[in-house]
Enquirer: 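I am attaching a structure below and will ask some questions about it afterwards.
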2 protein chains.
Amino acid sequence: MVTDRRAARHEATKLRILAAAWELAAEQGLAGISLRDLAARVDLRQPSLYSYFDSKLALYDAMFAQAYEQLLAAVEPLELTGSPEEQIRQMAYVFTRLAVADVPRAQLLFQRTLPGFEPSPESYALANRFLDRTRRHLAAAGFTRPEDLDLYTALMGGLVNQQMANDPGGTRWLDLVDEAIDMYLEHSVPKGGTL
Amino acid sequence: MVTDRRAARHEATKLRILAAAWELAAEQGLAGISLRDLAARVDLRQPSLYSYFDSKLALYDAMFAQAYEQLLAAVEPLELTGSPEEQIRQMAYVFTRLAVADVPRAQLLFQRTLPGFEPSPESYALANRFLDRTRRHLAAAGFTRPEDLDLYTALMGGLVNQQMANDPGGTRWLDLVDEAIDMYLEHSVPKGGTL
DNA sequence: GTCTATACATCGATAGAC
DNA sequence: GTCTATCGATGTATAGAC
């Protein structure tokens, strides 16, 4: 049907716009994306973007969703091997490398850097799918308390954030992932736990 | 001398502008500070601000320096007691509470959220003085490797960042500081270390 | 869907009078 | 130091031709 071809072309253009938006974010920062520059990159005029996104915040939301889809697509097909502990290590390794690989993406996903931006429920569901995956892996190794997950995300997020903020392009904090996971795995439930 | 009085008045106005800037940052976000709003808060016209700061980035740099001076003023007079390990715990407790208490301040100091902003060497020296203090406390407890400091900053920064991003105003990650410090202190140099 | 054209409010920054 | 006036840029949005 013709409408299918139309819809396909519409989706294709939307993807081109998103790709150009990531380019601009890498060059000018996430908040530095201008709709005029963005339109120029895909050979459109600025008002034409409104045929694809209702607003700039809607563009950010689409970027948020696309970014989590990228992460999920990279992580879900992985076949983790070895003990649950070893799988946690592999997961941490993959996640930190992925997170650091695209600074604006990490800012969009893991920080509250854009004034007024809140991911839509649909986009947030993707984020939760990603978090659930982590939760299941931790649980498989016996880390079943909610605090276990929170401590893990703080540790991984902290490494990623320090790497991006204080050694962009380097590996100073990435090199600590192994030791951080050692530390985390060695740590059992504290004496005054809730058991 | 008259020039002293002039300089004093100049400094006083500068401080009023900075105070208003922190107010605006709390309301509109760090990047949401507009020079017109800022000028209005101190009964000036927008161009008059340029008698005090060469640019908006220079204003951010002054805020960066002032924020680290606040942290140092709050932390340096502290008399930490107990074993070195206990002092590290107290330090972590104070730092995370201080960091979370002012979200825009934490964003300015610990994240790279402002496009184009780099702290000046003078401001960066303050940041280093703060970091040195942490380094000395860790060293007193035997954590003398550079990696020990990096892991510590990642852990504390991670807790602070997760608290601000995912539970603003709450204590979900702040409540994990004690356990995080337990985990850190329990962790000795890994088997395959550099010894 | 895409375009031209236009509007409106906002922004950081500068020139020049006083 | 402070002001008025102004600049070029921005984001948002609409009208209307094609």
Side-chain angles (χ1 to χ4, degrees), chain A residues 1-18 20-25 27-64 104 108 113-118, chain B residues 1-18 20-21 23-25 27-64 104 108 113-118 120:
Chain A
M1 288 167 60
V2 176
T3 55
D4 287 356
R5 297 245 292 270
R6 285 234 176 117
R9 172 144 193 86
H10 188 86
E11 272 317 295
T13 305
K14 216 167 171 176
L15 288 178
R16 280 176 52 230
I17 294 172
L18 282 170
W22 287 113
E23 278 181 32
L24 274 174
E27 298 167 15
Q28 322 257 3
L30 203 51
I33 298 177
S34 119
L35 294 189
R36 283 175 176 82
D37 288 352
L38 179 56
R41 292 237 175 176
V42 290
D43 283 310
L44 286 176
R45 307 297 157 176
Q46 173 254 330
S48 304
L49 294 180
Y50 283 83
S51 298
Y52 299 95
F53 301 99
D54 290 339
S55 67
K56 201 184 182 183
L57 287 180
L59 170 70
Y60 283 130
D61 190 59
M63 293 174 76
F64 183 95
L108 182 61
T113 175
L114 286 176
F117 172 68
E118 284 280 340
Chain B
M1 287 169 60
V2 177
T3 55
D4 287 356
R5 298 246 291 271
R6 286 236 174 112
R9 173 146 192 83
H10 188 87
E11 271 317 295
T13 305
K14 216 167 169 177
L15 287 178
R16 281 175 52 229
I17 295 172
L18 282 170
E23 278 181 31
L24 275 174
E27 297 167 15
Q28 320 259 3
L30 201 54
I33 297 177
S34 110
L35 294 189
R36 279 173 178 82
D37 288 352
L38 179 56
R41 293 235 173 177
V42 290
D43 282 311
L44 285 176
R45 307 295 160 176
Q46 173 252 330
S48 303
L49 294 180
Y50 283 82
S51 296
Y52 299 94
F53 301 99
D54 290 340
S55 69
K56 203 184 184 184
L57 289 180
L59 170 70
Y60 284 129
D61 189 58
M63 294 175 74
F64 183 94
L108 181 60
T113 174
L114 289 176
F117 172 68
E118 284 279 340
S120 63

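Every chain is numbered from 1 and lettered A, B, ... according to where its sequence line falls, protein lines coming before strand lines.
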Enquirer: Starting at CG of Leu38(A) and ending at C1' of dT12(D), how long is that distance when rounded to a whole Å?
Expert: 15 Å

Enquirer: From CZ of Arg45(B) over to P of dC11(C), roughly how many Å is that when rounded to an integer?
Expert: 15 Å

Enquirer: Report the nucleotide, chosen from dT2(D), dC3(D), dG1(C), that has the shortest atom-to-atom distance to any side-chain atom of Ser51(B).
Expert: dT2(D)

Enquirer: Measure the distance from CZ on Arg16(A) to C1' on dG1(C) and round it to the nearest whole Å.
Expert: 13 Å

Enquirer: Counting only side-chain N and O atoms of Arg6(A), is one of them less than 4.0 Å from OP1 or OP2 of dG1(C)?
Expert: no

Enquirer: Looking for any heavy atom pair under 4.0 Å, which part of the strands does Phe53(B) touch: base, sugar-phosphate only, or nothing?
Expert: nothing

Enquirer: With rounding to the nearest 0.5 Å, note down the distance linking CG in Leu30(A) to CG in Leu114(A).
Expert: 4.5 Å

Enquirer: Is the phosphate of dG1(C) approached by Ser48(A) (side-chain N or O, under 4.0 Å from OP1 or OP2)?
Expert: no

Enquirer: How would you list, by chain and number, every residue that makes a ring pair (Phe, Tyr, Trp, His ring centres under 6.0 Å) with Tyr52(A), sequence neighbours excluded?
Expert: His10(A)

Enquirer: How many whole angstroms separate atom OH of Tyr52(A) from atom C1' of dG1(C)?
Expert: 6 Å

Enquirer: In B/S/- notation, 5' to 3', how is nucleotides 12-18 of chain C contacted by protein heavy atoms closer than 4.0 Å?
Expert: BBB----

Enquirer: Checking Glu27(B) now: which residues fulfil salt bridge (Lys or Arg N to Asp or Glu O under 4.0 Å) with it, not counting sequence neighbours?
Expert: Arg41(B)

Enquirer: Of all residues at least two apart in sequence or in a different chain, which pass the side-chain contact (heavy atoms from CB on, under 4.5 Å) check with Ser34(A)?
Expert: Arg36(A), Asp37(A)

Enquirer: Rounded to whole Å, please give me the gap between CD1 in Ile17(B) and C1' in dT2(D).
Expert: 12 Å

Enquirer: Would you mind reading off the distance between Gln28(B) atom CD and dC11(C) atom P, rounded to a whole angstrom?
Expert: 9 Å

Enquirer: What residues form a side-chain contact (heavy atoms from CB on, under 4.5 Å) with Ser120(B), not counting sequence neighbours?
Expert: Asp61(B), Glu122(B), Ser123(B)

Enquirer: Measure CD/Glu11(B) against C1'/dG1(D) and give the value in whole Å, please.
Expert: 15 Å

Enquirer: Shortest non-hydrogen contact from Pro104(A) to Trp22(A)?
Expert: C-CZ3, 4.3 Å

Enquirer: How would you list, by chain and number, every residue that makes a ring pair (Phe, Tyr, Trp, His ring centres under 6.0 Å) with Phe117(A), sequence neighbours excluded?
Expert: Phe64(A)

